[in-house]
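Here is the structure we will look at.
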2 protein chains.
Amino acid sequence: MSEGAVTPAPASDRADEIRARIRARGGAATIYDIAELAGVNPSTVSRALGKPGRISVATAERVQAAASELDFRINPAARALQTGKTGMLGLVVADITNPVVFDVVRGAEHEAADAGYTLVIAESQESGENESEVIERLLPSVDALVLATTRLAPERLLDIAGRKPVVLINEAVDEVPSVVADVETGVNEVIDHLVALGHTSLVYLAGPSTSWISRRRWEAIFAAAERADVAIVEAGPNVPTIDGGRDAARRVLALRATAVIAYNDLMAIGLMQALAAEGIAVPSQLSITGFDDIFGSDLIVPALTTVRTDLEAAGRRAVAMTLQDQSQPQTPVAPLLTGLIVRGSTGPAPR
Amino acid sequence: MSEGAVTPAPASDRADEIRARIRARGGAATIYDIAELAGVNPSTVSRALGKPGRISVATAERVQAAASELDFRINPAARALQTGKTGMLGLVVADITNPVVFDVVRGAEHEAADAGYTLVIAESQESGENESEVIERLLPSVDALVLATTRLAPERLLDIAGRKPVVLINEAVDEVPSVVADVETGVNEVIDHLVALGHTSLVYLAGPSTSWISRRRWEAIFAAAERADVAIVEAGPNVPTIDGGRDAARRVLALRATAVIAYNDLMAIGLMQALAAEGIAVPSQLSITGFDDIFGSDLIVPALTTVRTDLEAAGRRAVAMTLQDQSQPQTPVAPLLTGLIVRGSTGPAPR
DNA sequence: TTGTAGGCGTTATCAT
DNA sequence: ATGATAACGCCTACAA
């Protein structure tokens, strides 16, 4: 038991000793611990772990062994301090519980994870001031920023973009890279769809006046309607929520149109609810369409005809752009496609 | 213009000079820059910014002025390296696009922001292995962790909890703090509601077998049904999604019950869709209820009767617990209330 | 109250 | 291929 016992192998002996020391100081293993266990210099450990090629296979293996022996995890703060890279990406959205951003968040998270980055999500609560603060708080700890639904003024945006790479989603500001869906395709499809159903008088239920994408949709709708030779009018601005759609019902009805293209599905849903309450039948008396194809659009009755955008792809792409070497020429990518999904909320125009 | 021009005030002159130097080295202002501009030692700057009381008012003000003059933001990495505190909190969820987690995320984000922390969100994609990896990656960069829908084994959980503070949501493991909704109240209300409608044969459409909260709900339902003297049977396990609910329809119908309590709203919705496809009327032929009251539950027709949990409060509370001094005695808090929301999917039992 | 002097864990730049 | 050493920006004894 005592004298006669064989001494444990020196290697694991040493490991135990080091482990004890680590525990004693109440921290995690560092490259110094590994260096000691592997019998090399800390800088060699750093290289072995960081740059595969630049070290002899033998030492690399010894280091790897020691590292896993001691359950080593690199200290991100120490690395960040030295390199300036935090390995984190920021995503700022106006409202986390807005179904529209779900898919953006998912796409962004996946792309970030795939690239070995961690995603930090912050909510601006639809307020520009808040958004500014949030961004200031986030900026020092992220390598880049994706703004999904910014309410910031262009100057402010440019200022931020000057400090860290910034990518916008569905928003365009000169000089700031952005991921924007190809509005035209989907819009043309809606208009064609409605015209084919015999509608000759349309309403665009606009979003917030500060929303770049709402204007963009309006322009595309206007052009398509003009081309199709049907009446078109913009009603708004409106709050882009279910309540916003509900509140607009009376104004919409007063326009005596036969079809409404809402800025987004949330508003379309609100509008449909208000219409139902007023006893207006959809689609027999009024056809309704939305944008986004959010969760819930196919749950409502009648199910909503809508222009779908691949928001998950938007999130992925925004993150990918963010990681692109800024000095490299941007590889031009195909625009995000949009397409019409025809469901029950559109039908023949009443006569 | 040249000779006659008044020299700018020395102070701002100095500031410009320092600003130029900062720009030249392509970084942000440091406490050294501030120290220089304010004419004090860097350590004094650190104190002035960090601990209000321990510095003379005059110097504190000079430092503050210099800091905002140079637009100083503290370098989180440098601070973290020294203090071991990163100022970040991790939230791990199984599926970001699951409506159930939205409110948790929002609550957590708000509480974190209020406490001056930044929330990092990671997705485990419903896989325990994945979750483990994600957590390992996250752990070194966060001060604490909230696991919203963990699939991890208790031992693993305990291991993680030993390294950083961990709080669980709707999941209980010995020794690991958690936020759990008070299932009983809501469950008793559903059962009472169904019994009052004349139902005598109920089905619980269970969630995943690994879900602690699904078992918890089942136990409460069983007890309440027993007390009310109505038949109750568990059907499952099932995948807790719309598709999972859809797939269970045939099995549910075969049970010839008159009311189904689904593990969550997603499954209830899927079930309702499948029933509609089969021509089964809800609630006249079959009453359906869910849990969670997610977005969409009041959109579907008939709108879903469901047991609502304040998930946002759960998120807030979990984060708050996370930040609590671990050495302090935990202040016991009132359990999260749940309550029944009666909508159209439940009605009198068919006779 | 303020200055001095390390040190946190890593990477980068020299040497060797 | 590897070792020594100096930063990175902040915090914190300790001294003054």
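To find a chain, count down the sequence lines: A is the first, B the second, and so on, and within it residues start at 1.
Between the base of C/dG9 and the side chain of A/Arg73 there is no donor-acceptor pair shorter than 3.5 Å. For B/Thr59 against C/dT1, a side-chain-to-base donor-acceptor contact under 3.5 Å is absent. With hydrogens and angles ignored, a donor-acceptor pair under 3.5 angstrom links the side chain of B/Gln82 to the base of C/dG7. One donor-acceptor pair, N or O on each side, does fall under 3.5 Å between the base of D/dC10 and the side chain of B/Tyr32.
Within the 4.0 angstrom heavy-atom criterion, no nucleotide atom of any strand lies near B/Val45. B/Ser46 comes within contact range of at least one nucleobase, with a heavy-atom separation under 4.0 Å. B/Ile55 comes within contact range of the sugar-phosphate backbone alone, with a heavy-atom separation under 4.0 Å but no base atom that close. Across all strands shown, B/Asn75 has heavy atoms under 4.0 Å from sugar-phosphate atoms exclusively, and none from any base. When heavy atoms are screened at a 4.0 angstrom cut-off, B/Ser43 is found touching base atoms of the nucleic acid. Note on A/Lys85: nothing from the nucleic acid sits closer than 4.0 angstrom, heavy atoms only.
Taking only side-chain nitrogens and oxygens, B/Ser56 comes nearer than 4.0 Å to OP1 or OP2 of C/dT2.
For B/Ala78 and B/Arg47, each mapped to the nucleotide of DNA chain D holding its nearest heavy atom, the one lying further toward the 5' end belongs to B/Ala78.
What separates CZ of B/Arg54 from C1' of D/dC14 is a distance of 13 Å, to the nearest Å. The interatomic distance linking B/Leu49 (CG) with D/dT12 (C1') rounds to 15 Å, in whole Å. Atom CZ in A/Phe72 sits about 10 Å away from atom P in C/dG9, given to the nearest Å. Between B/Ile31 atom CD1 and D/dC10 atom P the separation is 5 Å, expressed in whole Å. Per the geometry, CG belonging to B/Leu81 stands 7 Å off P belonging to C/dG9, to the nearest Å. For B/Glu36 and C/dT2, the CD to P distance is 19 Å, given to the nearest whole Å. Rounded to an integer number of Å, the gap from A/Lys51 NZ to D/dT2 C1' is 14 Å. Nucleotide C/dG7 holds its C1' atom 17 Å from the CZ atom of B/Arg79, rounded to whole Å.
Side-chain atoms of A/Arg25 and A/Thr30, non-hydrogen and from C-beta on, do get closer than 4.5 Å to each other.
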message: Checking A/Ser132 against A/Arg156 for the side chain to side chain donor-acceptor pair (under 3.5 Å) test, could you report, in this order, the C-alpha distance in whole Å, the side-chain angles of both residues, the deciding distance, and whether it holds?
response: CA-CA 8 Å; A/Ser132 251; A/Arg156 185 87 183 81; 2.7 Å; yes
- request: Check the pair B/Asp71, B/Arg73 against salt bridge (charged side-chain N to carboxylate O under 4.0 Å, His left out), reporting the backbone distance first and the verdict last.
  value: CA-CA 7 Å; B/Asp71 200 35; B/Arg73 319 263 169 230; 2.8 Å; yes
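Considering A/Leu89, A/Leu91, A/Ile121, A/Val120 as possible partners of A/Leu138, the one that fulfils the side chain to side chain contact (heavy atoms under 4.5 Å, CB included) test is A/Val120.
With hydrogens and angles ignored, the 3.5 Å screen pairs no side-chain donor or acceptor of A/Glu123 with any backbone N or O of A/Val92.
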